[in-house]
Amino acid sequence: MPELPEVETVRRGLEPVMVGARLVAVEQRRPDLRFPFPDAFSERLAGRRIVALGRRAKYLVADLDDANVLVMHLGMSGSFRVESGGSENSPAPGAPQKNTAHDHVVFALSTGARIIYNDPRRFGFMDLVPRDALAAHPLFKSLGLEPLGNELDGAALARLFAGRTTSLKAALLDQTLVAGLGNIYVSEALHRAGLSPRRAAGSLARKDGTPTERAHRLAKTIREVLEEAVAAGGSSLRDHRQTNGALGYFQHSFRVYDRELGPCPTPGCGGIIRRITQSGRSTFFCAACQR
DNA sequence: AGTTGCACCTGGCTGC
DNA sequence: TGCAGCCAGGTGCAAC
């Protein structure tokens, strides 16, 4: 399900529920997701207060009051839902009926709320690490630029992509370069920038490593599409929802993703959206206006 | 070192 | 209705 905008939407949904609350009990219903849970996972969490809930790339990072952090990744199909313990126990309009078949972790909070992690495909995972060891964590140490941070601009893209023969599509999916884009938003950002997903990533840098006009354009559209998607509450395809059950609505703003054979939305273009496969994943683009 | 393809897992949809 | 085949928002890892 989740690329950066969906993870950020989840973070914003969980933050007011989790931060300041204490974990009364954590029920871990299976030994592993994509990876085994850390030893004594539930026991180490029980009694801890959640001090902050942050995000790095597609990871959620919950700061605990014992100087550890709970790291959570949603994989392809992970989601959280909140069951309020308060008197007004009403889910958002349109909230889905509960599918509890793949509820793997249940966090019971001191406020009475429960947060349930559901993940049919189990590509997600959780880990518990000392906060000061997070940057050196195997899954964090090689993460690339945070695309909504200040570091991402044309110069940074050119520096990262210089000399690379791989496609722009593959380079943008590489989390060690820019961390947070996934299959949807790469297609969307490239279309907005008018760049072919098949173009060599290295072509965004001049010989001396300085950024081309295209590099500046791409940096701008990456930021734009992610910001717009976050503002829309992410995209709801298949089962992804916000933590209160509400649907995100950015999928209605997709210009190319999942729009094979549809008209190119670029004014005056007249092209047709095509679907191709790159590194085993679908890419959607318009060959007429994306060069 | 950079690049590519496979593997992990379940469920939903399509077409026979 | 049943079932095989394909596809899905991610990413670690082996192999070239």
Side-chain angles (χ1 to χ4, degrees), chain A residues 1-11 29-36 55-60 71-80 96-97 99-104 117-127 137-144 147 159-189 197-203 205 225-226 229-230 232-242 247-254 256-260 275-284:
Chain A
M1 131 176 105
E3 303 182 30
L4 186 153
E6 290 72 43
V7 177
E8 177 61 21
T9 297
V10 169
R11 191 197 70 75
R29 297 186 174 169
R30 49 175 301 124
D32 55 39
L33 293 171
R34 181 172 188 190
F35 306 121
R55 177 191 57 74
R56 169 74 170 109
K58 302 172 191 172
Y59 293 87
L60 291 169
V71 177
M72 297 172 282
H73 194 287
L74 303 175
M76 288 276 268
S77 59
S79 63
F80 286 98
Q97 66 280 40
N99 175 8
T100 61
H102 300 285
D103 289 352
H104 303 309
Y117 179 70
N118 182 283
D119 188 356
R121 293 175 74 178
R122 306 201 304 273
F123 287 166
F125 54 86
M126 297 186 188
D127 201 359
H137 190 282
L139 299 168
F140 273 69
K141 67 181 181 204
S142 53
L143 280 180
R159 174 172 50 77
L160 290 166
F161 288 4
R164 295 190 180 261
T165 58
T166 196
S167 64
L168 277 177
K169 169 71 186 285
L172 290 172
L173 281 179
D174 185 341
Q175 303 295 298
T176 70
L177 301 176
V178 177
L181 292 168
N183 209 40
I184 292 176
Y185 297 106
V186 167
S187 280
E188 293 297 310
R198 299 190 282 207
R199 166 181 283 276
S203 71
V225 73
L226 293 178
V230 168
S235 303
S236 291
L237 301 185
R238 302 172 192 84
D239 57 357
H240 171 62
R241 295 188 178 239
Q242 301 182 36
L247 293 165
Y249 50 91
F250 191 73
Q251 66 278 11
H252 304 301
S253 301
F254 290 167
V256 292
Y257 184 82
D258 208 16
R259 301 213 188 283
E260 183 181 18
R275 178 167 89 89
I276 60 173
T277 299
Q278 290 179 292
S279 19
R281 320 284 309 274
S282 288
T283 299
F284 298 87

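Naming convention: chains lettered A, B, ... in sequence-line order (proteins, then strands); numbering from 1 in each chain.
For A:Leu237 and C:dC7, the CG to C1' distance is 13 Å, given to the nearest whole Å. Separating the CZ atom of A:Arg281 from the P atom of B:dG5 is a distance of 14 Å, rounded to the nearest angstrom. C:dG10 atom C1' lies 11 Å from atom CG of A:Asp119, rounded to whole Å. Atom CZ of A:Phe284 and atom P of C:dG9 are 8 Å apart (whole Å). Atom-to-atom, CG of A:Leu4 to C1' of C:dT11 comes out at 16 Å; the value is rounded to the nearest Å. At whole-Å resolution of the value, CZ in A:Phe35 and P in B:dA7 are 17 Å apart. Regarding A:Arg275, its CZ atom lies at a distance of 8 Å from the C1' atom of C:dC7, rounded to whole Å. Going from atom CD of A:Glu260 over to atom P of C:dC7 covers 11 Å, rounded to whole Å.
In terms of the salt bridge (charged side-chain N to carboxylate O under 4.0 Å, His left out) criterion, A:Arg281 has no residue partners (sequence neighbours excluded). For A:Tyr249, the ring pair (Phe, Tyr, Trp, His ring centres under 6.0 Å) test picks out no residue, with sequence neighbours left out. A:Phe125 is linked by a ring pair (Phe, Tyr, Trp, His ring centres under 6.0 Å) to A:Phe35, A:His73, counting only residues two or more places apart in sequence or in another chain. Looking at residues two or more places apart in sequence or on another chain, you find a salt bridge (charged side-chain N to carboxylate O under 4.0 Å, His left out) between A:Arg55 and A:Glu8, A:Glu146. Residues passing the ring pair (Phe, Tyr, Trp, His ring centres under 6.0 Å) test with A:Tyr257, sequence neighbours excluded: A:Phe254, A:Phe284. Every residue two or more places apart in sequence or in another chain that forms a side chain to side chain donor-acceptor pair (under 3.5 Å) with A:Thr176 is listed here: A:Asp174. Under the salt bridge (charged side-chain N to carboxylate O under 4.0 Å, His left out) criterion, A:Asp32 pairs with A:Arg30, sequence neighbours left out. The side chain to side chain contact (heavy atoms under 4.5 Å, CB included) search around A:Ala170 returns A:Thr166, A:Ser167, A:Ser279, not counting sequence neighbours. Scored by the salt bridge (charged side-chain N to carboxylate O under 4.0 Å, His left out) test, A:Arg275 finds A:Glu260 as partners (sequence neighbours excluded).
A distance of about 24 Å separates the P atoms of B:dC9 and C:dC3, rounded to the whole Å. The same atom, P, is picked in C:dG9 and in B:dT3; the two are 22 Å apart, to the nearest Å.
Side-chain N/O atoms of A:Tyr59 include none lying less than 4.0 angstrom from OP1 or OP2 on C:dG10. Dashed line: the shortest gap from a side-chain N or O of A:Lys58 to OP1 or OP2 of C:dG9 is not under 4.0 Å. The phosphate of C:dG10 has neither OP1 nor OP2 within less than 4.0 Å of any side-chain N or O from A:Ser77.
Stem regions annotated for DNA chain B: B:2-8 with C:10-16, B:10-16 with C:2-8, counting only runs of 3 or more consecutive pairs of Watson-Crick or G-U type with both contacts under 3.5 Å.
The side-chain heavy atoms of A:Phe250 and A:Glu6, taken from C-beta on, include no pair separated by under 4.5 Å. The shortest distance between side-chain heavy atoms of A:Pro147 and A:Leu4 falls below 4.5 Å. When side chains are defined from C-beta on, A:His137 does not count as touching A:Val71, because their heavy atoms never get closer than 4.5 Å.
Heavy-atom distances under 4.0 Å link DNA chain B to A:Arg164, A:Thr165, A:Thr166 of residues 160-174 of chain A, given in residue order.
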Tabulate atom names and distances for all N/O pairs under 3.5 angstrom spanning the protein and nucleotides 8-12 of chain B.
residue : atom : partner  : partner atom : Å
B:dC9   : O3'  : A:Arg122 : NH2          : 3.3
B:dC9   : O2   : A:Arg121 : NE           : 2.9
B:dC9   : N3   : A:Arg121 : NH2          : 3.4
B:dT10  : OP1  : A:Arg122 : NH1          : 3.3
B:dT10  : O3'  : A:His102 : NE2          : 3.3
B:dG11  : OP1  : A:His102 : NE2          : 2.6

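Residue A:Tyr257 is classed as a sugar-phosphate contact, given heavy-atom separations below 4.0 Å to backbone atoms only. Using a 4.0 Å heavy-atom criterion, one finds that A:Gly182 contacts the sugar-phosphate atoms exclusively.
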